[in-house]
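Report on the structure given below.
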Amino acid sequence: MTTPAAPEVVTFGETMAALRAQGALRLGGSLGLSVAGAESNVAIGLARLGHRVRWAGRVGADELGALVLRTLRAEGVDVDHAVTDDTDRPTGLLLTEPRLGTLTRVSYYRAGSAGSAVSPADVLPALTPGARILHLTGITPALGPSAAEAVLAAATTAREAGITVCLDVNYRSRLWSTDRARAALRPLLDHTDLLIASEDELPLVLEQPGADESEAVKGILAAGVTEVVIKRGAHGATTVTSDGARDRAARQVDAIDLVGAGDAFVAGYLSGLLDGADIPARLDRAVTTAAFAVATRGDWEGLPTRDELGLFDQPDGTTIR
């Protein structure tokens with residue numbers, strides 16, 4: 001029997017059941033059931049691009065937890081280190097409703113969930129030899145003390161093992177205040193190689209909350225981070241290293257659903273990094289995967305496979321037969 005190859009990327013966090021409405025929730029109607037979570041969105045995106053990925057979160061011992069694990073397995077994500085909670089903690093739940101154009105309202109039901117109880121003992125065994133990247137987000141440490149401890153422990157262990165640590169700030173105002181976020185995220189900089197953030201999230205990892213973008217990037221690089229990627233949404237993205245800055249415009253598409261675009265961007269960028277691509281090529285792949293996300297509905301459902309990356313370069317109206 002052949003031993004499966006070690007994962008290139010390890011990530012963990014909370015993946016929830018996702019109920020998606022077609023209109024305002026208060027008006028009723030049908031809901032579509034899927035799963036969603038920032039880290040698992042990235043994992044699926046990377047798996048579709050041909051990379052070996054492991055997700056090591058915690059789910060409830062319920063049907064929704066089974067759905068999470070089944071979906072990730074179906075997408076080629078390794079869940080051998082995922083934990084099914086043996087207490088009464090349920091799998092978290094989120095509801096999304098379109099409110100105005102591409103503006104979407106998301107409601108979370110994750111307090112006391114299995115995912116919020118993830119611990120170092122759950123995730124450290126997932127960092128097996130051969131892993132090249134540990135991907136973390138700022139969502140997980142907001143979930144509770146054990147989750148915050150797991151993030152710091154994983155980042156510390158990975159950095160010591162020579163694994164590249166990627167941190168996507170991914171600030172969620174409904175989970176914690178900026179002061180609490182800063183207190184938890186600032187220590188992670190000491191163990192982070194690649195930081196990804198939107199312009200307004202950059203100051204959250206610094207002790208100077210009023211710093212402008214240029215000052216924030218300088219402070220982050222001075223803290224030991226080697227690469228800072230700034231997501232600018234419809235305006236593209238910028239990567240800054242000690243050698244300077246590189247910009248990339250976003251791909252122009254008709255936006256349908258913006259939820260999940262940032263995770264798709266991260267998947268594309270990390271895919272390029274794993275392939276040994278230079279920064280311009282990484283940014284190009286990142287804005288391409290993000291464009292797939294915004295042009296289709298769902299957090300991850302529309303993400304491309306590797307052979308689909310060139311579809312945006314086809315003329316309008318093309319039929320592939």
(message) Can a donor-acceptor pair be found, under 3.5 Å and without considering hydrogens, that links the side chain of Arg285 to the backbone of Gly268?
(response) no
(message) Closer than 3.5 angstrom, by distance alone: can the side chain of Arg52 be matched with the main-chain N or O of Ala6 as a donor-acceptor pair?
(response)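 Here the side-chain-to-backbone pair exists.
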pair [X]-[Y]: side-chain heavy atoms closer than 4.5 Å:
X	Y	value
Lys231	Asp168	yes
His51	Ser271	yes
Arg186	Leu189	yes
Asp263	Asn170	yes
Ser40	Leu72	yes
Thr104	Leu258	no
Leu67	Val35	yes
Glu14	Val118	no

(request) Provide the full list of ring pair (Phe, Tyr, Trp, His ring centres under 6.0 Å) pairs with a residue in residues 222-241, sequence neighbours left out, each pair given once. (result)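 Sorted pair list comes back empty.
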(message) Considering only residues two or more places apart or on different chains, which pairs with a residue in residues 274-321 satisfy ring pair (Phe, Tyr, Trp, His ring centres under 6.0 Å)?
(response) Phe292-Phe312
(request) Establish, from distance only, whether the side-chain atoms of Ser198 and Asp200 form a donor-acceptor pair under 3.5 Å. (result)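 Yes - a donor-acceptor pair under 3.5 Å links their side chains.
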Do you reckon [X] sits in the same ILVMFWY cluster as [Y], going by side-chain contacts under 4.5 Å, direct or chained?
X	Y	value
Trp55	Leu136	no
Leu221	Ile230	yes
Leu95	Leu33	yes
Leu303	Leu311	no
Leu31	Val259	no

Any salt bridge (charged side-chain N to carboxylate O under 4.0 Å, His left out) involving [range]? Give me the pairs, sequence neighbours left out, ordered by first then second residue.
range	value
residues 16-28	Arg20-Asp299, Arg20-Glu301
residues 232-244	Glu199-Arg232, Glu213-Arg232
residues 119-144	Glu8-Arg132, Arg58-Asp122

(request) State which residues pass ring pair (Phe, Tyr, Trp, His ring centres under 6.0 Å) with Tyr108; sequence neighbours excluded, sorted by chain then number. (result)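 Scan of Tyr108 (ring pair (Phe, Tyr, Trp, His ring centres under 6.0 Å), adjacent residues dropped) gives none.
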(request) Quick one: do Ser214 and Asp212 satisfy side chain to side chain donor-acceptor pair (under 3.5 Å)? Show the steps, please. (result) CA-CA 6 Å; Ser214 177; Asp212 63 22; 4.9 Å; no
(message) According to side chain to side chain donor-acceptor pair (under 3.5 Å), who are the partners of Asp86, at least two apart in sequence or on a separate chain?
(response)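 Side chain to side chain donor-acceptor pair (under 3.5 Å) list for Asp86, sorted by chain: empty.
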(message) Thr305: which residues meet the side chain to side chain donor-acceptor pair (under 3.5 Å) condition with it, sequence neighbours left out?
(response) Asp307, Glu308
(request) Report, as yes or no, whether the 6.0 Å neighbourhood of atom CD on Glu63 holds more than 12 heavy atoms from other residues, nucleotides or ligands. (result)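 Atom CD in Glu63 is not packed in, count stays at 12 or less.
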(request) Tell me, yes or no, whether the heavy-atom count around Arg70 atom CZ, taken from other residues, nucleotides or ligands under 6.0 Å, exceeds 12. (result) no
Once rounded to the nearest 0.5 Å, what's the spacing between atom [atom1] of [X] and atom [atom2] of [Y]?
X	Y	atom1	atom2	result
Lys218	Ser242	NZ	OG	13.5 Å
Gln22	Thr96	CD	OG1	8.5 Å
Leu94	Thr15	CG	OG1	10.0 Å

(message) Connecting only ILVMFWY residues whose side-chain heavy atoms lie within less than 4.5 Å of each other, what is the rest of Leu49's hydrophobic cluster?
(response)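 Listed partners: Leu309.
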(request) Share the residues that join Leu273 in a hydrophobic cluster, the rule being Ile, Leu, Val, Met, Phe, Trp or Tyr side chains under 4.5 Å apart at the heavy-atom level. (result)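 Joined to Leu273, directly or through intermediates: Val9, Val42, Leu46, Val53, Ile133, Leu194, Ile196, Val229, Phe265, Val266, Tyr269, Leu270, Leu274, Ile279, Leu283, Val287.
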Heavy-atom closest contact ([X] atom, [Y] atom, distance):
X	Y	result
Gly260	Ala293	O-CB, 4.1 Å
Gly60	Thr84	O-CG2, 3.9 Å
Thr140	Ala147	O-CB, 3.3 Å
Ala245	Thr238	CB-CG2, 4.1 Å

(message) Please enumerate all residues that pass side-chain contact (heavy atoms from CB on, under 4.5 Å) together with Arg105, with sequence neighbours excluded.
(response)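 Per chain and number, Arg105 pairs via side-chain contact (heavy atoms from CB on, under 4.5 Å) with Glu97, Arg99, Arg174.
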(request) Could I get the full list of side-chain contact (heavy atoms from CB on, under 4.5 Å) partners for Ala142, not counting sequence neighbours? (result) Leu175, Trp176
(message) Looking at Asp193 and Arg159, is there a salt bridge between them, counting it only when a charged N and a carboxylate O are closer than 4.0 Å?
(response) yes
(message) Do the side chains of Arg246 and Asp284 get close enough for a salt bridge, i.e. N-O under 4.0 angstrom?
(response) no
